[in-house]
Amino acid sequence: MIVSISGWNGLVGTALRLSYQRVANVKMLQLDRTCSEFVLGISRIPWNPEKGVFDAQPLEGTNAVVHLAGEGIAEKRWSSAQKERIRRSRVDGTRLLVDGLRKLQSKPSVLVCASAIGWYGARGDETLDESATPGQGFLAEVCREWEAEAAKATELGIRVVQLRIGVVLATAGGALTKMLPIFRLGVGGKLGSGRQWMSWIHVDDVAAAIRFAIETPSLSGPVNATAPSPVANLEFTKTLGRVLGRPTLFPAPAFALRVAVGEMADDLLLSGQRVVPKKLLAAGFSFGFPTLEPALRDLLVPKARPAPLPSAPPSGAVATYPT
Ligand SMILES: NC(=O)c1ccc[n+]([C@@H]2O[C@H](COP(=O)([O-])OP(=O)(O)OC[C@H]3O[C@@H](n4cnc5c(N)ncnc54)[C@H](OP(=O)(O)O)[C@@H]3O)[C@@H](O)[C@H]2O)c1
């Protein structure tokens, strides 16, 4: 099977390709923003979403496309120029990709396109599965446009899965890595009221969900990629403190977050969504980390190494190994 991946170098792209590296019959192709020409036999395909340049011909025969590329959401303050970069990188980038797929003789059978639980907007305590109505706000609008561009691939006979990804927990990047320095210093705490929901997912489960979406023909349309047990920010805070063995007594007041990060505070930190992965579970997906504390422990607590076996006894001696 050939799987082509955009956003290769990102948090999720890296987890996905590492997980595929262990699979013998999968070849991966990288949609690469840094190379300028496709060389036969090299698995990097040039594409430049910012300039709208993409020759999809090297994707001929690829079985699946995983589209993860997009300007970082929380990397910079949301000026209007930055918001436009976030929007265009996803909406125009997805259109460019789908237009390229349109020209292929042998099209992939599936496109798995990232989206985000931001699609639902700020929804209080409402439980949100894939049948929920769309939300409002900047991220919700971007997600709606992004998913709509991906959906156009269905007209080409391609199965499309828009993966509404939750807060990805990882130590190589993303939200958790931003929190860790503060929590490790023992000065972490809830954000705002702490009542806003956090629908999280362990990075290994995101990679597994993408692979599952590729391999499950019955899965199509929007699919929530969040663990089945979302938590309120206060519970997340306490759990993280417990796992790190640090106090969590220093709340970050809403006004301070608004001063620190601007509009992003309300969309990303002070409001949330209580999302459940109804379609993944119904299709038989099994989460490696369905609950928060084991997920955080897996990521943050060094694993005990097995004790080395005693060295081989001199010949003739009788060895006793611990059982
Ligand atoms: N991480 C999360 O918590 C989370 C939650 C919900 C949704 N998502 C979505 O899932 C996707 C993958 O997430 P991620 O955490 O892996 O994101 P990420 O670490 O920010 O990686 C995104 C990748 O997109 C490419 N990229 C960066 N700027 C770009 C631009 N201006 N135009 C086109 N491509 C650009 C880069 O890959 P290359 O250098 O390889 O091109 C980058 O590594 C993203 O679209 C993200 O919005 C993530």
Side-chain angles (χ1 to χ4, degrees), residues 4-19 28-36 43-54 65-76 78 81-97 111-121 138-147 149-150 161-179 198-207 209-210 213 222-227 230 236 264 267-269 272-273 275 277 295 299:
S4 300
I5 303 171
S6 80
W8 177 274
N9 293 305
L11 182 64
V12 176
T14 302
L16 178 65
R17 60 196 163 81
L18 288 178
S19 98
M28 289 177 280
L29 297 178
Q30 173 186 4
L31 290 176
D32 188 348
R33 291 183 300 151
T34 62
C35 73
S36 53
S43 55
R44 295 159 64 195
I45 298 169
W47 92 308
N48 191 332
E50 286 187 60
K51 292 198 174 139
V53 176
F54 176 46
V65 176
V66 181
H67 180 41
L68 302 169
E71 174 79 12
I73 297 279
E75 300 312 312
K76 293 185 186 153
W78 285 359
Q82 183 60 13
K83 280 161 85 173
E84 189 53 12
R85 275 179 71 79
I86 290 171
R87 196 192 71 79
R88 288 194 56 197
S89 66
R90 289 175 171 76
V91 179
D92 298 1
T94 305
R95 187 180 306 133
L96 183 69
L97 177 68
L111 165 65
V112 178
C113 182
S115 176
I117 55 170
W119 188 91
Y120 298 106
F138 168 63
L139 286 181
E141 280 160 30
V142 170
C143 289
R144 213 159 43 242
E145 283 189 74
W146 189 11
E147 290 191 9
E149 289 301 332
V161 175
Q162 294 106 331
L163 217 52
R164 291 181 184 157
I165 302 173
V167 179
V168 177
L169 299 184
T171 49
L176 182 62
T177 40
K178 289 195 166 66
M179 297 177 204
M198 289 181 69
S199 297
W200 58 274
I201 182 166
H202 188 293
V203 64
D204 290 352
D205 278 338
V206 184
I210 294 172
V223 172
N224 293 336
T226 58
F236 186 94
M264 200 193 293
D267 257 32
L268 279 185
L269 305 175
Q273 303 82 12
V275 177
L299 292 164

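First listed ligand is number 1; within each ligand, the first listed atom is number 1.
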* Asked: Quick one: which ligand 1 atoms are inside 4.0 Å of a heavy atom on E50?
  -> 31 (N)

* **Nitrogen or oxygen atoms of G10 and ligand 1 under 3.5 Å apart** => yes

* **Geometric N/O contact Q30 with ligand 1, under 3.5 angstrom** => no

* To do: Please state which part of R90 comes within less than 4.0 Å of ligand 1, counting heavy atoms only: side chain, backbone, both or neither.
  => side chain

* Run the ring-centre check on F138 versus W78 and record whether the distance is less than 6.0 Å. => yes

* Asked: Backbone or side chain, does any N or O of L68 fall under 3.5 Å from an N or O of ligand 1?
  -> yes

* Please write down residue, atom name and distance for the protein heavy atom closest to atom 32 (N) of ligand 1. => S89 CB, 3.5 Å

* **Nearest-neighbour protein heavy atom for atom 31 (N) of ligand 1, which is reported as residue plus atom name and distance** => E71 OE1, 3.0 Å

* **Rounded distance (nearest 0.5 Å) linking atom CD of Q82 with atom CD1 of I73** => 9.0 Å

* Write out the residue and atom name of the closest protein heavy atom to atom 6 (C) of ligand 1, then the distance separating them to 0.1 Å. => I165 O, 3.1 Å

* To do: Indicate, as side chain, backbone, both or neither, the part of R33 found under 4.0 angstrom from ligand 1 when only non-hydrogen atoms are considered.
  => side chain

* Asked: To which protein heavy atom is atom 24 (O) of ligand 1 closest, and what is the distance rounded to 0.1 Å?
  -> G70 N, 3.1 Å

* To do: Check if P49 has a non-hydrogen atom at a distance under 4.0 Å from any atom of ligand 1.
  => yes

* **4.0 Å heavy-atom contact, R88 with ligand 1** => no

* Asked: Would one find an N or O of W8, backbone or side chain, under 3.5 Å from an N or O of ligand 1?
  -> yes

* **salt bridge (charged side-chain N to carboxylate O under 4.0 Å, His left out): pairs with one or both residues in residues 164-178, sequence neighbours excluded** => E75-K178, E147-R164

* Checking S199 side chain against Q273 main chain: does a donor-acceptor pair fall under 3.5 Å? -> yes

* To do: Any chance you could measure R44, atom CZ, to D32, atom CG, to the nearest 0.5 Å?
  => 4.5 Å

* Asked: How far is atom 15 (O) of ligand 1 from its nearest protein heavy atom, and which residue and atom is that?
  -> L11 CB, 3.5 Å

* Asked: Under 3.5 Å, N or O to N or O, is V12 touching ligand 1 that way?
  -> yes

* Nearest to atom 5 (C) of ligand 1, what protein heavy atom do you find, and at what distance? -> G166 O, 3.0 Å

* Please round to the nearest 0.5 Å and tell me the distance separating atom OG1 of T34 and atom CG of N48. => 10.5 Å

* Asked: Any N or O of S115 that comes nearer than 3.5 Å to an N or O of ligand 1?
  -> no

* Asked: Can you tell if the side chain of R33 reaches within under 4.5 Å of the side chain of E50, non-hydrogen atoms only?
  -> yes

* Structure fact -> Per-atom filter on ligand 1: closer than 4.0 angstrom to a heavy atom of A116 are 6 (C), 7 (C)

* To do: Have a look at ligand 1 and work out which part of W146, if any, has a heavy atom under 4.0 Å from it: side chain, backbone, both or neither.
  => side chain

* So do Y120 and N224 actually touch side chain to side chain, heavy atoms under 4.5 Å? -> yes

* Which heavy atom of the protein is the closest neighbour of atom 23 (C) of ligand 1, given with residue, atom name and distance? -> G7 CA, 3.7 Å

Listed pairs under 3.5 Å, donor-acceptor, residues 4-12 side chains, sequence neighbours left out:
| from | atom 1 | to | atom 2 | distance (Å) |
| --- | --- | --- | --- | --- |
| S4 | OG | T62 | OG1 | 2.8 |
| S6 | OG | H67 | ND1 | 2.7 |
| S6 | OG | L68 | N | 3.0 |
| S6 | OG | A69 | N | 3.2 |

* Report yes if some N/O of L31 lies less than 3.5 Å from some N/O of ligand 1; otherwise report no. => no

* To do: Please examine the side chains of L268 and L139, heavy atoms only from C-beta on, and report whether any two atoms are closer than 4.5 Å.
  => yes

* Structure fact -> dist L16:CG -> D204:CG (nearest 0.5 Å) comes out at 11.5 Å

* Show the numbers, then the answer: is there a side-chain contact (heavy atoms from CB on, under 4.5 Å) between L169 and F236? => CA-CA 12 Å; L169 299 184; F236 186 94; 4.0 Å; yes

* Taking only heavy atoms of V168, which atoms of ligand 1 are found under 4.0 Å from at least one of them? -> 1 (N), 2 (C), 3 (O), 4 (C)

* If you measure from each heavy atom of S6 to ligand 1, is any distance below 4.0 Å? -> no

* Contact partition for A114 relative to ligand 1, non-hydrogen atoms under 4.0 Å -> side chain

* Hey, could you give me the CZ/OG distance between R90 and S115, rounded to the nearest 0.5 Å? => 9.5 Å

* Can a salt bridge be assigned to the pair E71 and R88 using a cut-off of 4.0 Å between side-chain N and carboxylate O? -> no

* Asked: Numbering the atoms of ligand 1 from 1, which are under 4.0 Å from a heavy atom of N9?
  -> 38 (P), 39 (O), 40 (O), 43 (O)

* Asked: Which residue holds the protein heavy atom closest to atom 20 (O) of ligand 1, what is that atom called, and what is the gap in Å?
  -> G72 CA, 4.2 Å

* pair S43-L29: side-chain heavy atoms closer than 4.5 Å -> yes

